[in-house]
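By convention in this document, chain letters (A, B, ...) are assigned in the order of the sequence lines, proteins followed by strands, and residues within each chain are numbered from 1.
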Amino acid sequence: MRMLRLLKKILELDFALRGLLITSISSNRNCSQALPHVQPFLNPAVESRSVPQAVMAAIKVPSSGSFSRNPLVGSTSQNPALKPGPNGSVFISSGIPDLDKILGGGFCLGSLIMVMEDPEAPHHMLLLRNFMAQGLVQNQPLLYASPSKDPRAFLGTLPSPMLSQDNKPHDRVEQDKGLRIAWQYKKYFEEGEQTLDNRDNKLEYCNDFDLRKPLERHILTRKPIECISMEDSTIDSLRERCSKFLAQNPSKSCAGRIAIQSFCAPQLEYFNKDWDMVSFIKSLKGMIRSSDAVAMITFPHSLLSTSFSKRWQHLADILLSVRAIPDDDKELANLLTGYQEMVGLLNVHKVARINTQVPFVLEASTFSIKLRKRRSLVLECINQAPVDGSSGISYGTSAWSSELFIISFGMDNGC
Amino acid sequence: MSSPSIGARRRRPVDWGQASLNLTRAENQTPFQRWRFDLEGREGFAQKRKTNEEYCLVLTNNHSGTTLLNIGGRVLLIEDCIETSAAFVIYHIVKCSLSSPRSSGVVIFVALSHPFSHYDRVLRKLGCNLAVHRDNKRFIFFDMLMLECQGGNDGNVTKDGLVELFGKIQKEVEVISSKQESERYVMVIIDDFSLIEAAVNGTSNHGSDFLHYCRTLTSEFGSSLVILNHEDIYLGPERPLILQMEYFADILIKAQPLATGVAADVHGQLTVINRNSRHLLKNSITSFQFKLNENGIECFFPGTRT
């Protein structure tokens with residue numbers, strides 16, 4: 001009898017919730033706004049804003065291996081730019097908070113990040129800009145090489161970190177929206193908010209960047225930034241510059257960042273020398289591995305022959321690829337939620353495996369790149385739009401109800 | 001470089017112990033699988049007892065399931081691809097060779113992809129202290145992370161770097177083999193070969209020359225050679241090189257991703273092709289799936305894990 005009553009309660013709740021969702025979806029043409037309400041409770045790990053503290057705690061205290069030590073626990077309290085990771089690795093931020101979360105904390109020091117460009121769109125520049133700006137904000141040495149004639153001009157386009165005041169009201173609105181259903185989770189949000197406030201005073205591990213605001217002058221002039229135009233330099237001179245750059249920054253606390261844009265662009269003198277380029281990447285990899293720096297190379301992989309493209313990909317510790325999505329693809333727009341905000345897709349092919357043999361298995365390998373309010377870069381799991389409520393029993397709706405069942409059961413237990 | 005002469009293959013009575021790639025089996029497996037399993041296992045065990053003078057690496061052994069791999073004096077080629085790295089096979093082989101209590105094998109490790117600290121950490125979690133073995137001269141580590149073979153100002157590629165490297169390896173092998181007090185057995189491991197090619201700027205012959213010289217060590221001193229390479233980079237005109245390597249390899253281990261995509265419980269599949277295994281009646285091809293943990297590898301036949 002009790003069971004029956006329980007079941008009835010669950011079903012009621014289920015229907016009520018479903019009704020609520022369907023009305024909210026039908027009232028909102030844009031489904032992307034409707035979905036995030038539900039998501040934090042369906043799958044807390046997916047929602048980015050709700051559980052940063054939990055994620056960070058999980059990273060800080062590696063569960064595997066009772067004997068793993070973190071020698072950097074002491075030193076990171078002084079240097080917020082570095083974060084201890086599992087297996088004695090140290091993370092440095094990519095400049096995009098979501099990408100850090102996807103990769104389990106950021107880029108490992110000593111890793112080589114390669115980004116495969118979309119030949120028709122400059123999406124790799126988004127990653128490159130944030131990567132460089134994050135380094136400059138944290139006062140790290142930077143080397144930037146580009147095929148353009150005047151690489152220094154690119155520094156003017158770097159984004160500026162968003163002030164915390166800009167961010168807060170936005171958060172609060174979202175928070176109010178999110179607590180319409182499971183209000184008892186409210187306390188967790190408040191806790192998260194408080195700790196975030198505390199951290200605002202200090203230099204942050206990872207900033208949110210405002211893509212519309214250029215980086216302030218005084219940050220650009222604080223430290224000498226090495227800019228190299230690859231057009232008029234040979235590959236050997238580039239190698240020398242890199243090794244000199246790494247040699248002059250031996251201090252472990254302040255890792256250097258190397259950013260190389262469009263490494264195999266056809267206008268470069270060494271474009272045809274496939275083996276020279278492979279050998280350069282190999283030696284760069286060796287150099288940064290032994291000096292605890294990070295290097296990001298973007299390359300148009302379609303210009304390389306397949307076998308060399310594979311070689312390059314094998315050399316990468318972290319391998320990403322970016323792709324633009326067509327502006328008005330009706331089919332895709334129907335299939336994906338939040339298509340209007342989306343500017344492209346990011347694929348994660350490989351995650352660094354430093355000091356471990358266990359691969360880092362991601363929940364998803366494709367993420368959508370979105371520009372929220374045209375200024376902040378956000379990466380999200382791709383959500384397939386729910387099938388329209390009127391279409392009766394379909395895979396989409398049945399999956400929903402089963403997930404909702406879990407919530408309602410959880411609520412019952414709580415009562 | 002003095003060309004090593006090809007001598008008769010010498011066999012030494014070295015017991016490789018129970019070096020194993022532990023195979024954990026699901027509890028509820030069907031009788032058919034157990035039967036197949038046992039058959040292979042028993043056969044393997046029986047052979048191992050009989051031919052004690054062979055150097056054997058037992059792959060996939062637990063309870064009774066065993067695939068016997070005799071790697072003494074043989075060439076082992078490990079192939080992987082971008083999606084699935086096979087570096088863990090190398091770690092496992094190092095661990096098997098060093099930590100088995102009765103073996104006194106020496107591992108010569110040519111590392112091009114990682115510094116020593118990486119291997120040390122990985123192997124420590126597998127239960128093998130590389131730093132101690134290095135001090136005991138059982139683990140000889142060549143840090144070739146910065147191997148460059150570009151000569152001087154004219155930009156010509158010289159093979160001096162590789163000749164020097166081979167000279168060092170040869171010297172170590174000779175020294176170890178000349179010691180009579182213990183029957184020592186040498187294994188040369190190259191991690192990974194594609195980086196050697198990159199170091200010599202792809203001038204095709206230097207890399208493969210180096211490989212052939214290393215191979216002669218196997219026949220001259222009875223040492224074995226383990227090479228890691230990537231299968232998917234050899235396309236088109238470069239294809240012959242990997243085919244040559246596959247041809248002279250006695251044992252071929254291939255790591256591939258699952259056809260169904262990435263999974264958290266199964267990290268990929270291994271195919272072991274054991275050529276001219278004279279004692280086992282057939283040319284055995286074993287294929288199983290694996291999951292990597294920090295402290296070991298779980299191997300299982302497809303479908304035996306729930």
Please look at A:Arg289 and chain B and tell me whether the side chain, the backbone, both or neither of the residue comes under 4.5 angstrom of a heavy atom of that chain.
side chain

Counting heavy-atom pairs closer than 4.5 Å to chain B, which one of A:Leu362, A:Asn355, A:Val361, A:Ile354 comes out on top?
A:Asn355

Test side chain to side chain donor-acceptor pair (under 3.5 Å) on B:Asp191 and B:Ser113; report intermediate values, then the result.
CA-CA 7 Å; B:Asp191 176 24; B:Ser113 47; 3.2 Å; yes

If the threshold is 4.0 Å, N to carboxylate O, is there a salt bridge linking A:Lys310 and B:Glu238?
no

Counting only non-hydrogen atoms closer than 4.5 Å, does A:Phe280 touch chain B with its backbone (N, CA, C, O), its side chain (CB onward), both, or neither?
neither

Answer with side chain, backbone, both or neither: which region of B:Asn293 has an atom nearer than 4.5 Å to a non-hydrogen atom of chain A?
backbone

So do the side chains of B:Met245 and B:Phe193 get within less than 4.5 Å of each other, counting heavy atoms only?
yes

Closest-packed option against chain A by number of heavy-atom pairs under 4.5 Å, given B:His230, B:His114, B:Met146
B:His230

Based on non-hydrogen pairs under 4.5 Å, which of B:Val262, B:Asp120, B:Leu147, B:Asp192 is most in contact with chain A?
B:Leu147

Classify the angle between the aromatic ring planes of B:Phe301 and B:Phe288 as parallel (below 30°), tilted (30 to 60°) or perpendicular (above 60°).
perpendicular

Counting only non-hydrogen atoms closer than 4.5 Å, does B:Leu123 touch chain A with its backbone (N, CA, C, O), its side chain (CB onward), both, or neither?
neither

Within 45° cone of A:Phe107 ring axis and under 6.0 Å: A:Arg257 NZ or CZ
no

Which atoms of A:Ile281 come close to chain B, meaning under 4.5 Å heavy atom to heavy atom: side chain ones, backbone ones, both, or neither?
neither

Do B:Glu294 and A:Thr356 have side-chain N/O donor and acceptor atoms under 3.5 Å apart?
yes

